[in-house]
Amino acid sequence: MSPTRQLAAIMFTDIAGYTALMGENESKAFELLNQNRRLHKPLIEGYGGKWVKEMGDGVLASFPTVTDAVNCACALVKGCGKVNGLCLRIGIHLGDVVFENEDVFGDGVNIASRLQALAPAGGIWVSEAVYQNVANKTGIATTLVGEKILKNVKEPVRVYEVRPTNYKAESSESYLLHKDKPKAAAPKSVAVLPFVNMSNDPEQDYFSDGIAEEIINSLVHLKDLNVAGRTSSFQFKGKSKDLRELGLKLGVSTVLEGSVRKQGNRLRITAQLINVENGFHLWSEKYDRNMDDIFAIQDEIALAITKQLKVTLFGKDKEMITKTYTQNAEAYELYLKGRFYISRRGSAIMTGLRFFKQAIAIDPGYALAYAGLSFASILYAAYNFVPGMQIMREAKQAAEAALDIDDSVSEAYGALGYYYSCLEVNWVESRKNFLKAIELNPKYVQARSVYGLHYLAWGEGKFAEAEEQGRMAIRLEPLSAIDHADLAWTLYTAGQFEEALALAKTGIELDANSFLSHRLCGLCYTALGQHKEAIDTLTQLLAISCRHQHALTALIWAHCSNSNFEEARKLKVELERRPSSEYIAGTYAGLSAAFLGDLNKAFDYLEKAYDDHDPMLTQLKYLPYVPDLLRYDSRFQNLLTRIDYPK
C-alpha cells in the first residue's frame, strides 16, 4: 500500500498502573489487557474509527473527525467503570498524518502520544486543534490545562482536559502538579494524623509521631481499608485544619487524631475516630497505662478502627495488625527516634543511625531496627557524607540480619534492593529484592520510588516503567515532597525537563526546605536554558543546605552552562579545599572538572568514585548533564562497561 497523507484525529490510550500490576500479578494483568481490547475494539469501530495497533498496554486509533474521537474517548472512560481495575489515560490530537502498510506516522501521532503520557489516570487530554472542534458540543466539558512543552515538538502545545458531563470520573488540571479534583472517598478509609505531644518536652515529638506511624503500618496491609500514607498525613502536623478539606486532600472519609502525655514510665493517650463530613466522633478512648503497655494500646486503637469502619479481616489480617517486632519498650523508643531523625534527611541521618544501633544493642532480635539501620546507612552514603565502601558491609549485614530474624520484613528487602542498585551494583539481586519488597507490601511507597529511580531509570533506562512506579508512589503519598522529587529525577533523566520542573516545584510547595526538590528545580532550569532561574535556585539551595557538596556542584554546572567560568572556578576551588574537613565524593566532583574542561582531573575523580563505591556513580549512563566532552571519551565508555549495566 502506497503512503497517503490526510488530516485525521489520532487517539492514544494507555492503562494506568499496568506495569506495576504486571510486576505483582501477571495473570491478572493479562486478563485486564484482554478486557481492555474487548472494550476498545467495538467502541472504536462504532464511532467510525480504525484500530491501528496495540503497543504493550497502549492502543493507537485514528478517526475521520475530532468529534468521533472525543466521543469514543468519553465512551471508553465510561466503560472503564464496568471493568474492575481498568483506568485509562487518553491523548487526542488533530493533524496531518501518513498512512502506510496499516500503520500511521507523523507529528500528529507524536503529539497524541505525548498528551496521553501526561494525562492523569482517568483523564482525556487534547490539543487546541481538538478543543476548537468540541468546545461547544453537548455532553462534553472542557478545562484549560495550560501550555506544555512536548518532547520532539518545536512549539508549546496548548492542552485541554475533556470529560463527559454525565459521568463522574477522576478529573485533573495536571496530574504532574498533583492538583487532581478529589475523588469521593471510600467509606472504609482513614488518615492517621500525628498525635499531639502534650508533654512539656518538645523532644518527645518522636514518640507521639511514632505512635501514629505504627498504627498506620499496622493498618496499611489491609485490603479492605484505604489508609493515607504517613508523609501525606503528617503534612498536617501542628496546623489548624478543616476536617472536610483534609478528607478531600487525602481521599479519606475518617481521620484518627489523638494526643500523648509521657511522664517517666506513665502514659496518657487519647484517640478519637472522626467522620470528616460532619465532624461526628465515631469512637474515642482514653488510656492511662504504663510504658510497657504501649504495644497493647496501639493494637487496641488499630482494631477499634477496623471495627468501627466494618473492615473485613481476611486470613492473617488480625495477626498482621497485632504483630509486634519487639517486646522491649526501651528498644522500641530508640527505634522510633531513629525513624524520626531519618525522615528529616540531611545530617540528621547520622543521629538516626545511632538510635537504630542502640535499639539493636538492647534487643538483638529487633528485625525492623536492623532494616532501619541498613536503609539509613545507604542513605548516609547517598548524601555523600561518607564513602559508600565505608558502610557497605554494615548495610548489607543489617538487612540480612533482619531477614534472618523475620523473612517477611519488606523494609529489609527494600534496603537490599537499594544496596545492590548503588553500592555493590548487582542488578539481578537489586531487581529481585525490590520486587520482593513490593510483593510483600504493595503499598510500600519507599520501595516503589527507589526501585523506579535507581533500578528502572538509572539502571535499565526503562523510563516509562520507572515513571509508572513514581506515579504510583505519589498516588499512595500525594503530599510527599521526596516522592515528587524522585519522580522529577526520573523525568529529568528521560529528558522531560518541563514535566520534571513542574513536579519539583510541587515538591517545594509541599516542603519549602526540600533539598532534592530545590536541586531538581535548578537542574531543570539549567537544562531548559533558564540560566538566571537556575543560578538563583541553586544559590538559595547552597544557603539552606549549609553549602552541601551536591548543591555546590550543581551550581558549578549551572554557571558553566551560562559561560560564567570564572564564578564556576571559584566554587571548584572551594570544593577542592574541603577534603581536609569532609569527604568529597568523586562522581559530582568529576563532572564539575569535566564542565571546566579538565578531563584528566575528571577521570581521576571518577576512578575515585568507582573505588569508593559512590552511590551516585550509577546515574552516569543516562543522565543528561554529563558533558559531551566527557561522554564521548573512550575512558568514560570503559567506566560504563565496568559498571556493567543490565543488558
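Basis for what follows: all heavy atoms, side chains included, without hydrogens, waters or symmetry-related copies.
At a cut-off of 3.5 Å, with distance as the only test, no side-chain donor of Gln116 or Arg89 sits close to an acceptor on the other residue. For Ser514 and Asp511, the side-chain atoms include no donor-acceptor pair closer than 3.5 Å. Side-chain N/O atoms of Asn275 and Thr254 include no donor and acceptor closer than 3.5 Å.
The shortest distance between side-chain heavy atoms of Ile211 and Ile297 does not fall below 4.5 Å. The shortest distance between side-chain heavy atoms of Leu282 and Ile274 does not fall below 4.5 Å. Side chains of Lys436 and Leu416 form no contact here, defined as non-hydrogen atoms less than 4.5 Å apart. No side-chain heavy atom of Leu267 sits less than 4.5 Å from a side-chain heavy atom of Arg261. With a 4.5 Å cut-off on side-chain heavy atoms, Leu86 and Ile15 count as touching. When side chains are defined from C-beta on, Val162 does not count as touching Thr143, because their heavy atoms never get closer than 4.5 Å. Side-chain contact check for Phe207 versus Leu336: some heavy-atom pair is nearer than 4.5 Å. Cys74 places a side-chain heavy atom less than 4.5 Å from the side chain of Ile124.
In this structure a side-chain-to-backbone donor-acceptor pair under 3.5 Å is missing from Lys188 to Asn226. Panel note: side chain His518, backbone Ala504; no donor-acceptor pair is recorded below 3.5 Å. Between the side chain of Ser377 and the backbone N or O of Ala395 there is no donor-acceptor pair closer than 3.5 Å.
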Requested in this report: Dump the intermediate steps for side chain to side chain contact (heavy atoms under 4.5 Å, CB included) on Gln298 and Tyr287, then the final yes or no.
Outcome: CA-CA 10 Å; Gln298 289 170 173; Tyr287 303 90; over 6 Å; no
Query - Intermediate values then yes/no, side chain to side chain contact (heavy atoms under 4.5 Å, CB included), Ile474 and His484 - result: CA-CA 7 Å; Ile474 289 176; His484 277 78; 3.8 Å; yes
Requested in this report: Given side chain to side chain contact (heavy atoms under 4.5 Å, CB included), test Leu373 with Lys357 step by step and report yes or no.
Outcome: CA-CA 7 Å; Leu373 175 61; Lys357 290 178 180 178; 3.9 Å; yes
**Report entry** Audit row: Ile305, Val311, side chain to side chain contact (heavy atoms under 4.5 Å, CB included) steps and yes/no
**Finding:** CA-CA 8 Å; Ile305 293 171; Val311 175; 5.9 Å; no
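Tested against Leu256 for a side chain to side chain contact (heavy atoms under 4.5 Å, CB included), the candidates Leu193, Ile215, Ile216 yield a single pass: Ile215. When each of Ser449, Ser517, Ser480 is paired with Asp486, the side chain to side chain donor-acceptor pair (under 3.5 Å) condition holds for Ser449 and for no other.
Using a 30° and 60° split on the angle between ring planes, Tyr451 and Tyr455 fall in the parallel class, below 30°. Ring-plane geometry between Tyr383 and Phe515 is classed as tilted, the angle between the planes lying from 30 to 60 degrees on a 0 to 90 degree scale.
Closest non-hydrogen pair, Ala376 versus Ile342, comes out as CB-CD1, 3.3 Å. Residues Gly452 and Gln469 come closest through the heavy atom pair CA-CB, 4.0 Å. Ile378 and Ala415 make their closest contact through CD1-O, 3.3 Å (heavy atoms, listed as atom of the first residue, atom of the second, distance). Closest approach of Ser233 to Ala191, counting heavy atoms only: OG-CB, 3.9 Å. Summarising the geometry of Gly417 relative to Asn433, their closest heavy-atom pair is N-CB, 3.6 Å, with the distance given to 0.1 Å. Contact record, Leu476 with Pro442: CD1-O, 4.1 Å, taken as the closest heavy-atom pair.
For residues 267-279, the salt bridge (charged side-chain N to carboxylate O under 4.0 Å, His left out) pairs, not counting sequence neighbours, are Arg244-Glu277, Arg268-Asp288.
Looking at residues two or more places apart in sequence or on another chain, you find a salt bridge (charged side-chain N to carboxylate O under 4.0 Å, His left out) between Lys262 and Glu333.
For Met350, the CE atom sits in a loose shell: 12 or fewer heavy atoms of surrounding residues, nucleotides or ligands are nearer than 6.0 Å. Residue Glu31 qualifies as enclosed at atom CD: its count of foreign heavy atoms under 6.0 Å is above 12.
The line from OG of Ser421 to CG of Leu453 is 9.0 Å long, rounded to the nearest 0.5 Å. In this structure, CD on Gln272 lies 7.0 Å from OG on Ser259, to the nearest 0.5 angstrom. Atoms OG and CG, on Ser189 and Leu250 in that order, are 10.0 Å from each other to the nearest 0.5 Å. Note that CG of Leu334 and OG1 of Thr326 are 10.0 Å apart. Values are rounded to the nearest 0.5 Å. Distance OH/Tyr370 to CD1/Ile405: 5.0 Å, rounded to 0.5 Å. Note that the OH atom of Tyr335 and the CD atom of Gln358 stand 15.5 Å from one another [nearest 0.5 Å].
The aromatic ring centroids of Tyr325 and Tyr366 lie 6.0 Å or more from each other. Tyr413 has its ring centre no less than 6.0 Å from the ring centre of Phe434.
Between Glu477 and Arg448, none of the side-chain N atoms (NZ, or NE/NH1/NH2) sits under 4.0 Å from a carboxylate O, so this pair counts as no salt bridge. Glu499 has no carboxylate O lying under 4.0 Å from a charged side-chain N of Arg471, or vice versa, which leaves the two without a salt bridge. A salt bridge links Arg289 to Glu300: at least one charged side-chain nitrogen sits closer than 4.0 Å to a carboxylate oxygen.
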